[in-house]
Amino acid sequence: MPMFVDTSPPGQCIFCRLIAGEIPAARVYEDELTLAFMDIGQCNPGHVLVAVKRHAANLLELTEEEAGAVLRTARRVALAVRDTFDPPGLTLLQANGREGDQTVFHFHMHVVPRHADDGIALTWPRKEPPFEVLQGHAQRLRAALEQA
């Protein structure tokens, strides 16, 4: 993830200010619930951020309606990126919490056009637990989903 961290004072979210028009943004698309704008830290031409308009720090704070709206907007933007910049690949990235590499604590998703050797690395160690452990995790998650 980029090394940018929002240093706005408490209560002054940089994306809330951007959405309100208090700071400039190269806007790409807007609807009732979302705003898509160019990432100022462009890693490749066409790198866009899709944010919810209402302040929600992360995915867990979104309503189901907002979550659906973000993915619809991200798909719409991705199609425009494909048609405009013709990248051979595309990555959608969304981070939650400091340990999840989130750097701006206002929900947003990156739409990133990808090219060979573009310097972006999305890797992690494969831990490959035994199948019985995976079954146990799945059982716990099914139980949590039944409670929801």
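On a predicted model such as this, the values are computed, not experimentally measured, just so you know. Side-chain atoms are counted along with the backbone in the values below, which use heavy atoms only and exclude waters and symmetry mates.
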For residues His106 and Ile19, report the shortest heavy-atom separation together with the two atoms involved.
NE2-CD1, 3.7 Å
Step by step, would you call Asn44 with Gln42 a side chain to side chain donor-acceptor pair (under 3.5 Å)?
CA-CA 5 Å; Asn44 289 319; Gln42 290 283 293; over 6 Å; no
Please check: side-chain N/O of Glu61 versus main-chain N/O of Ala57, any donor-acceptor pairing under 3.5 Å?
yes
Could you tell me the separation between the CG atom of Leu134 and the CD atom of Glu128, rounded to the nearest 0.5 Å?
10.0 Å
So how far is it from Asp101 CG to Gln94 CD, rounded to the nearest 0.5 Å?
11.5 Å
Do any N or O atoms from the side chain of Glu146 and from the backbone of Ala143 form a donor-acceptor pair under 3.5 angstrom?
no
Tell me, yes or no, whether the heavy-atom count around Glu64 atom CD, taken from other residues, nucleotides or ligands under 6.0 Å, exceeds 12.
no
Correct closest heavy-atom pair for Val52 and Leu62 would be CG1-CD2, 3.6 Å
Return the minimal non-hydrogen interatomic distance between Phe15 and Ala51, and the atom names on each side.
CD2-CB, 4.5 Å
Step by step, would you call Val111 with His47 a side-chain contact (heavy atoms from CB on, under 4.5 Å)?
CA-CA 6 Å; Val111 178; His47 180 176; over 6 Å; no
Closest heavy-atom contact between Leu122 and Arg114?
CD1-NH1, 4.0 Å
Ring centres under 6.0 Å, that's the criterion: do His108 and His110 meet it?
yes
Min side-chain heavy-atom separation Pro125-Lys127 under 4.5 Å:
yes
For residues His115 and Pro88, report the shortest heavy-atom separation together with the two atoms involved.
ND1-CD, 3.3 Å
Is any NZ, NE, NH1 or NH2 atom of the basic residue among Asp86 and Arg82 found under 4.0 Å from an Asp or Glu carboxylate oxygen of the other?
no
What heavy-atom pair brings Tyr29 and Thr73 nearest, and what distance separates the two atoms?
CD2-CG2, 3.6 Å
Taking the side chain as C-beta and beyond, is there a heavy-atom pair between Val48 and Asp39 under 4.5 Å?
no
Side-chain heavy atoms of Thr103 within contact of Arg98, under 4.5 Å
no
Which value, rounded to the nearest 0.5 Å, describes the distance between Leu18 atom CG and Cys13 atom SG?
9.0 Å
Between Asn96 (side chain) and Leu59 (backbone), is there a donor-acceptor pair under 3.5 Å?
yes
Is there side-chain contact between Met109 and Leu49, with at least one heavy-atom pair below 4.5 Å?
no
Are Val28 and Leu93 co-members of a hydrophobic cluster defined by side-chain heavy atoms under 4.5 Å apart?
no
Do Asp118 and Cys43 come within less than 4.5 Å of each other through their side chains, counting heavy atoms only?
no
Out of curiosity, Glu65 CD to Arg54 CZ, how far, rounded to the nearest 0.5 Å?
10.5 Å
Would you give the length of the straight line joining atom CZ of Phe107 to atom CG of Leu60, rounded to the nearest 0.5 angstrom?
10.0 Å
Verify same cluster id: Val81, Phe37 (apolar side-chain graph, 4.5 Å):
no
I'd like to know whether CZ of Arg17 has more than 12 heavy-atom contacts from other residues, nucleotides or ligands below 6.0 angstrom.
yes
So if you build clusters from Ile, Leu, Val, Met, Phe, Trp, Tyr with side-chain heavy-atom gaps below 4.5 Å, do Val70 and Val77 land together?
yes
Under-4.0 Å salt bridge between Lys53 and Glu30
yes
Hphob cluster co-occupancy, Leu90 + Leu79, side-chain heavy atoms under 4.5 angstrom:
no
